[in-house]
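Structure first, then comments.
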Amino acid sequence: MRAKSKVLYSSDYTFEYGKGYYLSRYEGSKIAVITSGRGAHEALAAAEILKSEGVEVDIIDMPSADEAMFVELAGSGKSLLFAEQNNGYLYSEFQKTMFKNKVNFDLNKIFSINALDESGKAIFIHSGTYKQLAEHLGLSAKQLAGTVKKIITG
């Protein structure tokens, strides 16, 4: 990790390729944040900020694309925020899965923050501290919490 991080899983946890993991899950949540790696820590910190404001958010750590979970999420009725500190790989795989499986979903409920600009070109992020880079991309915990609030309030 580029910054100090809490351990997310026990030492005996077994990971499976192609599987996502809920780090937090609430029955009545209106949104799920899908992320991976260091982004999971930012998303969990954002969830803590939101929880203090009475907002519950599902956080999913997806180290590799989980097609079954993508289909489940698309049918959940929840808004989905792909928060990725990379080129939007999970968001891209989500789109491919929806097309391949002919899944109907509400495009107005799918959001993505990553290191690509609005036209799909890589954003120049040559150097900086982890905090500076996360903030530059809009992926700090505080920024994610703000984005989640905007999404769920319209």
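Here the structure is a predicted model, which is why all the values come from computation and not from measurement.
Between the side chains of S92 and Q95, no donor N or O sits under 3.5 Å from an acceptor N or O. For the residue pair S29/D58, the side-chain donor-acceptor check at 3.5 Å is satisfied.
Rounded to the nearest 0.5 Å, atoms CG (L73) and CE (M62) are 6.0 Å apart. With rounding to the nearest 0.5 Å, the separation of CD1 in I59 from CD in E48 is 9.5 Å. Here OG of S140 is found 12.0 Å from CG of L133. Values are rounded to the nearest 0.5 Å. Rounding to the nearest 0.5 Å places CG of L81 at 6.5 Å from CG of L144. In this structure, CD1 on I151 lies 4.0 Å from CD1 on I31, to the nearest 0.5 angstrom. To the nearest 0.5 Å, the span separating CG on L90 from OG1 on T97 amounts to 10.0 Å.
Residues A46 and A145 approach most closely at CB-N, 3.8 Å, considering heavy atoms. In terms of heavy atoms, S64 sits closest to G18 at OG-N, 2.5 Å. Scanning both residues, T129 and Q132, for their nearest heavy atoms gives N-OE1, 2.8 Å. The minimum heavy-atom distance linking V57 with A47 is given by the pair CG1-CB, 3.5 Å. A pairwise comparison of heavy atoms in L137 and A115 identifies CD2-CA, 3.9 Å as the closest pair. Here the closest non-hydrogen pair linking K100 and E67 is NZ-OE1, 2.9 Å.
Side chain of Q143 to main chain of E135: a donor-acceptor pair is present (N/O by atom type, distance under 3.5 Å, no hydrogens or angles).
Between K78 and K109 the shortest side-chain heavy-atom distance does not fall below 4.5 Å. When side chains are defined from C-beta on, D66 does not count as touching E72, because their heavy atoms never get closer than 4.5 Å. With contacts defined as side-chain heavy-atom distances shorter than 4.5 Å, the pair F82/E93 does not qualify. Using a 4.5 Å heavy-atom threshold, the side chains of D61 and P63 count as touching. T35 has its side chain out of reach of E84: every pair of non-hydrogen atoms, C-beta onward, lies at least 4.5 Å apart. Between L8 and L23 there is a side-chain heavy-atom pair separated by less than 4.5 Å. Using a 4.5 Å heavy-atom cutoff, the side chains of N87 and N114 are not in contact. Side-chain contact between I60 and V33 is absent, with no heavy atoms from C-beta onward closer than 4.5 Å.
In Y17, the OH atom is not crowded: 12 or fewer heavy atoms of neighbouring residues, nucleotides or ligands sit closer than 6.0 Å. By the neighbour-count criterion of 12 heavy atoms within 6.0 Å, atom NZ of K30 is sparsely surrounded, having that number or fewer from other residues, nucleotides or ligands. Enclosure of atom CG in D106 by more than 12 non-hydrogen atoms of other residues, nucleotides or ligands within 6.0 angstrom is indicated.
For K19 and Y21, the positive end sits near the middle of the six-membered ring, less than 6.0 Å away and at most 45° from its axis.
Under a hydrophobic clustering in which Ile, Leu, Val, Met, Phe, Trp and Tyr are joined whenever their side-chain heavy atoms come within less than 4.5 Å, directly or via other members, I34 and F111 fall into different clusters. Y22 and V71 end up in the same hydrophobic cluster when Ile, Leu, Val, Met, Phe, Trp and Tyr side chains are linked at under 4.5 Å. No continuous path of hydrophobic side-chain contacts links Y26 to V55 [ILVMFWY only; heavy atoms under 4.5 Å]. Linking Ile, Leu, Val, Met, Phe, Trp and Tyr residues whenever their side-chain heavy atoms come within less than 4.5 Å leaves F70 and I113 in two separate clusters.
A distance of 6.0 Å or more separates the ring centres of Y91 and Y89. The aromatic ring centres of F105 and F94 sit less than 6.0 Å apart.
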Report the C-alpha distance between M98 and V103 in whole Å, list the side-chain angles of each, state the deciding distance to 0.1 Å, and finish with yes or no for side chain to side chain contact (heavy atoms under 4.5 Å, CB included). CA-CA 5 Å; M98 297 300 99; V103 175; 3.7 Å; yes
Does I123 form a side chain to side chain contact (heavy atoms under 4.5 Å, CB included) with H136? I'd like the steps, not just the answer. CA-CA 10 Å; I123 296 171; H136 177 71; 3.6 Å; yes
Residue pair Y9, T14: steps toward the side chain to side chain contact (heavy atoms under 4.5 Å, CB included) verdict: CA-CA 9 Å; Y9 300 95; T14 302; over 6 Å; no
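Listed by first and then second residue, the side-chain hydrogen bond (donor to acceptor under 3.5 Å, both in side chains) pairs that reach into residues 144-154 are E53-K149, sequence neighbours excluded.
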